[in-house]
Amino acid sequence: MNWQALMADIDKMFGWIPSWFIGLGLVAGAMLLALSFYRFAVWLLNRAFGTRLPLLSVFIERTSGPAQLALCLAAVALVLPLAPLDDTIRVPLTRLFVVAFIALIGWISIRVVDMSAARYLQNFRDVTENFVARKHVTQVRVFKRVTDTIIVIITVSTALMTFDSVRQYGVSLFASAGAAGIIVGLAARPLLSNLIAGLQIAITQPIRIEDAVIIENEWGWVEDIASTYVVIRLWDWRRMVVPLSYFIEKPFQNWTRDTASLIGVIALHVDYRADVPRIRRWLEGAVKESKLWDGAVVNLQVIDADSRTIELRALVSARNAPQSWDLRCEMREKLIAFIRDEMPEALPRERAILIPQGGGDDIELLQRPAAPERMRASAHN
């Protein structure tokens, strides 16, 4: 029995049902049959190869959407020519089928890009300490998102151009230099500038994933680089969202541009009687005992002096920004305790000259530890 005879028998049995209802029922039934076949095939594959081929399960999961849509379109393509539909229903369904097919191609393209990027990034999992990994992760993520955006734009444009009215409007819009074109151009300028900035960042890489940066007087790490913006994870777990164009147009600090190692600075004010060489030797020993030190830099220098104290600057290096911060805090605390317990004469002091009321020639020099507010010397005649 051929298809024509089958359709004739169906028409005799259900002649009282409208033909358009039968046609739509056939289309819907074909789609349900395709979805059922997909679920049965997935169950069969997981049962047969799921334990031996774990990557197969991951592939099926990531391609489930495009695969189901492709099977539905294939089923509709087989049933639609046989469905008893008039042109008022067949033409819109055909056009919808074409649009769905274009969307399927775009969907598959995005899935291919995403899976290729994920497969490539499996070689670079540790992005905290690995400079090369951060470089490749940044490039792949930016290129992937820019590519996804371009695919979506092309897919939507192609789908809209299948309609005559939209196609004519689009052609006239792009061909004209009128007010509509100017408005669209101005509206699209931020999007286009950020997309171009994303390509520049992927190529030149002023920032990378997990770079430590200071931006707008806030310190944090680059958590994500999207197609039009960057997410900064601040030190207190807040998130700062910054346009991509910001990193091309404005200055910012990148603490891990070439390497993750950083030099931390500790500033202390001590009295003129402080034994600086002794403090330097103690600092070197204390830093070497710390697990946060990377073994590169430790130094102590006198960088300034005023009428009351001298200023010491200690330099200590660590493997990354968080360890540098912790090492600075640890050494600052230990330096204060050492000076307080082992070298109290190095504590900052206030000095004043007291002149006796009798106007004698005896002058007494008074020294005492510095108060929160600076003392003023007073003379009495």
Please examine the side chains of [Y] and [X], heavy atoms only from C-beta on, and report whether any two atoms are closer than 4.5 Å.
X: P66; Y: L104; answer: yes
X: I279; Y: F338; answer: yes
X: D114; Y: R111; answer: yes
X: Q68; Y: L35; answer: yes
X: V222; Y: I232; answer: yes
X: L312; Y: V302; answer: yes

Heavy-atom pair with the smallest gap, counting every atom of [X] and [Y]:
X: L268; Y: I339; value: CD1-CD1, 4.3 Å
X: P344; Y: R349; value: O-NH2, 3.8 Å
X: W219; Y: A212; value: NE1-CB, 4.1 Å
X: S317; Y: W293; value: O-CD1, 3.0 Å
X: S290; Y: M331; value: CB-CE, 4.4 Å
X: T155; Y: I102; value: CG2-O, 3.7 Å

Honestly curious: do [X] and [Y] fall in one hydrophobic cluster under the side-chain, below-4.5 Å linking rule?
X: Y246; Y: L244; result: yes
X: L327; Y: I263; result: no
X: I310; Y: I303; result: no
X: V297; Y: L335; result: no
X: I225; Y: M240; result: yes

Counting only N and O atoms by type, is there a donor-acceptor contact under 3.5 Å from the side chain of [X] to the main-chain atoms of [Y]?
X: D271; Y: A274; value: no
X: D211; Y: V213; value: no
X: R328; Y: V265; value: yes
X: N254; Y: P206; value: yes
X: R233; Y: E223; value: no

Rounded to the nearest 0.5 Å, what separation is found between the [atom1] atom of [X] and the [atom2] atom of [Y]?
X: Q323; Y: D326; atom1: CD; atom2: CG; answer: 7.5 Å
X: E216; Y: K250; atom1: CD; atom2: NZ; answer: 6.0 Å
X: W221; Y: I209; atom1: CH2; atom2: CD1; answer: 14.5 Å
X: R313; Y: I266; atom1: CZ; atom2: CD1; answer: 11.5 Å
X: R278; Y: L283; atom1: CZ; atom2: CG; answer: 13.5 Å
X: N320; Y: L262; atom1: CG; atom2: CG; answer: 7.5 Å

In this structure, are over 12 heavy atoms from other groups packed under 6.0 Å from [X] atom [atom1]?
X: R239; atom1: CZ; answer: yes
X: F37; atom1: CZ; answer: no
X: W282; atom1: CH2; answer: yes
X: F101; atom1: CZ; answer: no

Less than 6.0 angstrom separating the ring centers of W237 and W235, yes or no? no
Tell me whether the rings of F247 and F252 are parallel (<30°), tilted (30 to 60°) or perpendicular (>60°). perpendicular
Sole residue of I154, T147, V152, D148 in side chain to side chain contact (heavy atoms under 4.5 Å, CB included) with I150: I154
